[in-house]
Amino acid sequence: MRYWLMKSEPDVYSIDHLAGQKKKTDHWDGIRNYQARNFIRDDMSVGDLAFFYHSNCDEPGIVGIIEIVRSAYPDHTAFDPEEKYFDPKSDPDHPRWFMVDVRLKKKFRRGVLLKDIRAQKKLQKMRLVQRGNRLSILPVAKAEWNHILRMTGED
DNA sequence: GCCAACGTTGGC
DNA sequence: GCCAACGTTGGC
């Protein structure tokens, strides 16, 4: 069982979008970066937990917890020319991009903001707080996961 | 295979 | 809106 952090821009897809889905479950499409793809395709399993992170917004930070409920399968939005993330180099016979399904497990009453994470000595090694990190899928160490959970003040 | 140009991410 | 970081593209 692994821990992850998954970024989404709230203007595009926020935690409330996910909360409004049937069974609070949805696919996580649009990953178009090889490192991120390799993480979800090779290392992510059903039952893994991930922080839902709001990026590129007024208050970037972790806003809740999601659970992986389906392991990687081809991202069909790459096949559709109408889609924003269409990629002609991916086709159903040889899919290049993959996605997983996630279910909302918990929305924090108060998110853990990036600036608060940055202020934590014990979280300095997180890839999230290191400069220039643009990866949308990041592994999180168990100790870091627990530390952030404590910062929420919830169980 | 090198590397300049270009595009995207994302915090600030 | 700015800009640093960094991934991708394409000419050579």
Side-chain angles (χ1 to χ4, degrees), chain A residues 2-21 26-44 48-68 72-102 104-141 143-153:
Chain A
R2 291 182 166 94
Y3 297 102
W4 303 94
L5 181 144
M6 299 170 74
K7 296 181 187 173
S8 184
E9 300 188 22
D11 289 348
V12 179
Y13 196 98
S14 75
I15 194 166
D16 290 325
H17 280 103
L18 180 58
Q21 298 299 313
D26 207 351
H27 55 272
W28 194 279
D29 63 29
I31 293 172
R32 298 292 181 271
N33 169 284
Y34 291 106
Q35 240 185 306
R37 179 207 61 187
N38 294 345
F39 278 140
I40 70 160
R41 189 191 57 186
D42 305 335
D43 299 327
M44 211 175 246
D48 284 3
L49 298 178
F51 285 133
F52 194 121
Y53 179 86
H54 280 170
S55 68
N56 201 14
C57 55
D58 285 348
E59 294 195 312
I62 293 165
V63 291
I65 295 173
I66 53 185
E67 180 177 3
I68 310 306
Y73 60 105
D75 182 343
H76 59 77
T77 66
F79 308 145
D80 181 354
E82 302 294 308
E83 289 281 347
K84 183 182 175 197
Y85 293 110
F86 170 61
D87 182 351
K89 286 173 280 191
S90 188
D91 67 74
D93 291 334
H94 298 94
R96 174 174 296 199
W97 304 115
F98 292 80
M99 59 188 178
V100 294
D101 287 354
V102 301
L104 181 62
K105 211 159 183 278
K106 179 159 209 162
K107 181 185 170 184
F108 297 142
R109 287 192 291 273
R110 301 181 67 187
V112 179
L113 300 182
L114 177 62
K115 67 180 169 64
D116 296 328
I117 294 170
R118 281 193 194 286
Q120 296 284 317
K121 276 209 175 68
K122 286 186 176 163
L123 298 179
Q124 293 308 303
K125 284 191 182 147
M126 279 189 83
R127 292 181 69 172
L128 180 69
V129 305
Q130 283 163 18
R131 267 162 58 85
N133 176 45
R134 305 180 310 160
L135 253 194
S136 60
I137 307 285
L138 295 172
V140 174
E144 295 163 349
W145 178 275
N146 290 333
H147 190 108
I148 288 168
L149 279 188
R150 269 179 258 122
M151 290 171 71
T152 67

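Letters go in sequence order (proteins before strands), and every chain restarts at 1.
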Original post:
Should A/Tyr85 and A/Asp75 be marked as a side chain to side chain donor-acceptor pair (under 3.5 Å) after you check the CA-CA gap, both sets of side-chain angles, and the distance that decides it?
Top reply: CA-CA 10 Å; A/Tyr85 293 110; A/Asp75 182 343; over 6 Å; no
Produce the list of close N/O pairs, under 3.5 Å, pairing protein atoms with atoms of nucleotides 7-9 of chain C; give distances to one decimal.
from, atom 1, to, atom 2, distance (Å)
C/dG7, O4', A/Arg134, NH2, 3.3
C/dT9, OP1, A/Lys89, NZ, 2.9

**OP:** Walk me through it: do A/Arg32 and A/Ser90 pass the test side chain to side chain donor-acceptor pair (under 3.5 Å)?
**Re:** CA-CA 11 Å; A/Arg32 298 292 181 271; A/Ser90 188; over 6 Å; no
Subject >> Separation of A/Leu49 CG from A/Lys106 NZ (nearest 0.5 Å) >> reply: 12.0 Å
**OP:** Could you state the atom-to-atom distance from CD of A/Glu59 to C1' of B/dC12 in whole Å?
**Re:** 13 Å
**OP:** Measure from CG on A/Leu128 to P on B/dG10 and round the result to the nearest Å.
**Re:** 10 Å
Original post:
Would a distance-only check, ignoring hydrogens and angles, find a side-chain to backbone donor-acceptor pair under 3.5 Å from A/Asn133 to A/Arg127?
Top reply: yes
**OP:** Could you name each residue pair satisfying salt bridge (charged side-chain N to carboxylate O under 4.0 Å, His left out) that touches residues 144-153 of chain A, not counting sequence neighbours?
**Re:** none
Subject >> First encountered from the 5' end of DNA chain B, between A/Lys84 and A/Arg118 >> reply: A/Lys84
**OP:** Could you state the atom-to-atom distance from CG of A/Leu138 to C1' of B/dG10 in whole Å?
**Re:** 13 Å
Subject >> Rounded interatomic separation in angstrom, taking CG from A/Leu114 and C1' from B/dG10 >> reply: 10 Å
Which atom pairs, one a donor and one an acceptor, fall under 3.5 Å between side chains of residues 37-44 of chain A and the rest of the protein, sequence neighbours left out?
from, atom 1, to, atom 2, distance (Å)
A/Arg37, NH1, A/Arg96, O, 3.1
A/Asn38, OD1, A/Arg41, NH2, 3.3
A/Asn38, ND2, A/Tyr34, O, 3.3

Original post:
Whole-Å distance between B/dG10 C1' and A/Leu5 CG?
Top reply: 13 Å
Subject >> Closest-nucleotide 5' rank along DNA chain C - winner of A/Asn56 and A/Asn133 >> reply: A/Asn56
